[in-house]
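Take a look at the structure below.
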2 protein chains.
Amino acid sequence: MDLYIDREELGRGLARVQSVVERRSTQQVLSHVLLVAREGGLRVTATDTEVAFIGDLAANVSKPGQLAVDAANLFQVVRSLPDPTVQLVGAAGNRLEVRSGRAAFKLPGIAAEEYPPLPAFDVTGTAILAGAELRRLVEQTSFAVATDDVRYGLNGVHMEQVTTPDGARLRMVATDGHRLASAECAFDGTFAVSPRMLVPRKALTVLRKLLEGDESIEVAFGTGAIRLARPGQMFWFRLLDGEFPDYRAVVPAEGQHRVILDREAISAVLRRVAILVQDRARAVRFAFSEGELEVDVANADRGEIRETLPVELEGKPLTVGFNARYLGEVLGAVRGDRVSFELAHPLAPCLVKGLGDDRAFFIVMPMRLD
Amino acid sequence: MDLYIDREELGRGLARVQSVVERRSTQQVLSHVLLVAREGGLRVTATDTEVAFIGDLAANVSKPGQLAVDAANLFQVVRSLPDPTVQLVGAAGNRLEVRSGRAAFKLPGIAAEEYPPLPAFDVTGTAILAGAELRRLVEQTSFAVATDDVRYGLNGVHMEQVTTPDGARLRMVATDGHRLASAECAFDGTFAVSPRMLVPRKALTVLRKLLEGDESIEVAFGTGAIRLARPGQMFWFRLLDGEFPDYRAVVPAEGQHRVILDREAISAVLRRVAILVQDRARAVRFAFSEGELEVDVANADRGEIRETLPVELEGKPLTVGFNARYLGEVLGAVRGDRVSFELAHPLAPCLVKGLGDDRAFFIVMPMRLD
């Protein structure tokens, strides 16, 4: 290998692989990035075998070659280099020479042959999505994914195709049993329906980091895996093998009580409440009356709080208990300045939506007040 | 207690006490800030009994009173408040009511009588210093303080009065046996000389945070303690009871070899070296020759590096081993664009100074090269 590459181009490519490589694996090679220099550029590949990323970088290659080196180490080295141009040269003993200005590094590496090959991918359908829309779906749902739940199907975001008056939509849904988030967006092409389409937590984290910009993204559906591609970048992940619950059963049909609130105002109240409430099991009291919401917590670990907020109430007054953190996370995911809360009675699931926004909905389970 | 205060004024005052209070103490009261409302304003006091801070804040007090509340909790609450004006009211059961806009908090507190009184302070001398100069002394020396060394006298910064051609100076010196930092500044007034003037690590940390601005500071010397004051702020700390070594014995008299380097260039080289060298005991090779310095590390844990740098050498070429981290920290403390290294032979203490800057000097002990 012998090539010249722009330091910023290489730095950007290596930044993208940092969230994919697995530092704590017993397989040392999974903390490495595979560098493949060939005519036309440098390809960087990273994988933990569940998730993979491939990026193509512009480079002036005079001698093709390939080698895997520690991804974090190389990234730190590249960011520190003195000159805007970097030369990468393969050296004896699977080492990589990194030259820039008057600095020359030799980093230990692993032969490319030892790098795990990406599994074959049989495309059963392809859809085109706007990058910003896919990012919105991930942002609006991933907070509600369960963490290491024994109900394996809750540990990922469920994907499915739904039919709306405006046509077919991709919907992503997540729940941990305490709250639920659902968001959808338009797509072009064929959605390959499979009964179990669960996106694992790590893939969501990587997606949030990699989905910059508004370019469109091609989503290819394979057996047990999904591949996202846009020019110069490919992202692949294995789907989780769990059964997502029938979430439609908990979506409330119609609420007797409906409240309209200012999203920023209620979010600020919940941030203040969160300072005092450390105990997650504690219910915060929300008393909705004509024109006013009173939020209060008595005898929390670190003090008491009482605050009022103007609201619009349709239906009779009611008092409900909520987990402040769960409700706060939902309000962080809702879009729009005003939100609606809708529920049948104080212990029924509460439906939260951005006012006039039909692209997403959220459900928070109330808590019993002492 | 009943008073109105500007949210930002209160927030600034509470920010200052955060580094003073002791969260991990078995004495719960030491994590608290004492609030004393009296005619003319609100006084906040924090102490861990070794270090204390008193701040006077502008407030409109209608009813005097005093109370101690958890400092971190109150700070978080105040930062979250919706309205720019805050009302603080003492409530039954040693509780503090914090009201702002439509929000009302009640925070648990401790009676002011249980707050530890600050010890009596007998002033034996007073000096006036420029705030920015005192901050410089702390910044230029505190990095070299030892951490929990059995040689108790190394765990603080030594203060003394020195006589220079320009008159009396305050000098601060720190060393951990591997490197030494010394910096001095002018003062007006009387420096009360005491054989053991060791400023503990925590006082240095707090000083770095509190020494904003360029106002002058009054330093009062007491028995085993020092008090710094400027309008509206008082900072007190107990001196360490240890013996600082005779550091003058290690200050090299004259170097046979003298090198002039660009500070930023050599610092950048050392940052690159630090990426690869994780082992603190490893010596980095510095080969000084006519016009050029070659820095290299072979067989470090994470690779090799070799880099050259233009330098001006007076005297014969020589090769020295240095601990990259220690040298890097010294270069971070030196002021000026160009620095000089001066040493008698490859294993003699190396004197580092900013070129033309006589206000500070640093010593780094070389290491044996394998």
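Remember, predicted model here, so these are calculated numbers, not experimental data. Labels below follow one simple rule: chain letters A, B, ... track the order of the sequence lines, proteins then strands, and each chain is numbered from 1.
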Listed by chain and number, what are the ring pair (Phe, Tyr, Trp, His ring centres under 6.0 Å) partners of A:Phe322, not counting sequence neighbours? A:Phe286
How far apart are the closest heavy atoms of B:Leu57 and B:Gly13, and which atoms are they? CD2-CA, 3.8 Å
When every non-hydrogen atom of B:Val69 is compared with those of B:Gly109, the smallest separation belongs to CG1-CA, 4.0 Å
Write out the donor-acceptor pairs between chain B and chain A under 3.5 angstrom, atom names and distance to 0.1.
{"residue": "B:Asn73", "atom": "ND2", "partner": "A:Arg302", "partner atom": "O", "Å": "3.1"}
{"residue": "B:Ser80", "atom": "O", "partner": "A:Arg272", "partner atom": "NH1", "Å": "2.7"}
{"residue": "B:Arg95", "atom": "NH1", "partner": "A:Glu304", "partner atom": "OE2", "Å": "2.6"}
{"residue": "B:Arg102", "atom": "O", "partner": "A:Thr308", "partner atom": "N", "Å": "3.4"}
{"residue": "B:Arg102", "atom": "NH1", "partner": "A:Thr308", "partner atom": "OG1", "Å": "2.8"}
{"residue": "B:Ala104", "atom": "N", "partner": "A:Arg306", "partner atom": "O", "Å": "2.8"}
{"residue": "B:Ala104", "atom": "O", "partner": "A:Arg306", "partner atom": "N", "Å": "2.8"}
{"residue": "B:Lys106", "atom": "N", "partner": "A:Glu304", "partner atom": "O", "Å": "2.8"}
{"residue": "B:Lys106", "atom": "O", "partner": "A:Glu304", "partner atom": "N", "Å": "2.7"}
{"residue": "B:Arg272", "atom": "NH1", "partner": "A:Ser80", "partner atom": "O", "Å": "2.7"}
{"residue": "B:Arg302", "atom": "O", "partner": "A:Asn73", "partner atom": "ND2", "Å": "3.1"}
{"residue": "B:Glu304", "atom": "N", "partner": "A:Lys106", "partner atom": "O", "Å": "2.7"}
{"residue": "B:Glu304", "atom": "O", "partner": "A:Lys106", "partner atom": "N", "Å": "2.8"}
{"residue": "B:Glu304", "atom": "OE2", "partner": "A:Arg95", "partner atom": "NH1", "Å": "2.6"}
{"residue": "B:Arg306", "atom": "N", "partner": "A:Ala104", "partner atom": "O", "Å": "2.8"}
{"residue": "B:Arg306", "atom": "O", "partner": "A:Ala104", "partner atom": "N", "Å": "2.8"}
{"residue": "B:Thr308", "atom": "N", "partner": "A:Arg102", "partner atom": "O", "Å": "3.4"}
{"residue": "B:Thr308", "atom": "OG1", "partner": "A:Arg102", "partner atom": "NH1", "Å": "2.8"}

Name the region of B:Leu309, side chain, backbone, both or neither, that has any atom closer than 4.5 Å to a heavy atom of chain A. backbone
Is chain A contacted by the side chain of B:Ala103, its backbone, both, or neither, given a heavy-atom distance below 4.5 Å? both
Quick check on side chain to side chain contact (heavy atoms under 4.5 Å, CB included): which of B:Leu3, B:Leu81, B:Val78 does B:Leu10 satisfy it with? B:Val78
Test A:Leu74 against every option in A:Leu96, A:Val44, A:Val17 by the side chain to side chain contact (heavy atoms under 4.5 Å, CB included) rule and name the one that passes. A:Leu96
Calculate, to the nearest 0.5 Å, the distance between atoms CG and CZ belonging to B:Leu318 and B:Phe288 respectively. 6.5 Å
Just wondering, do B:Leu42 and B:Leu88 contact through their side chains at under 4.5 Å, heavy atoms? yes
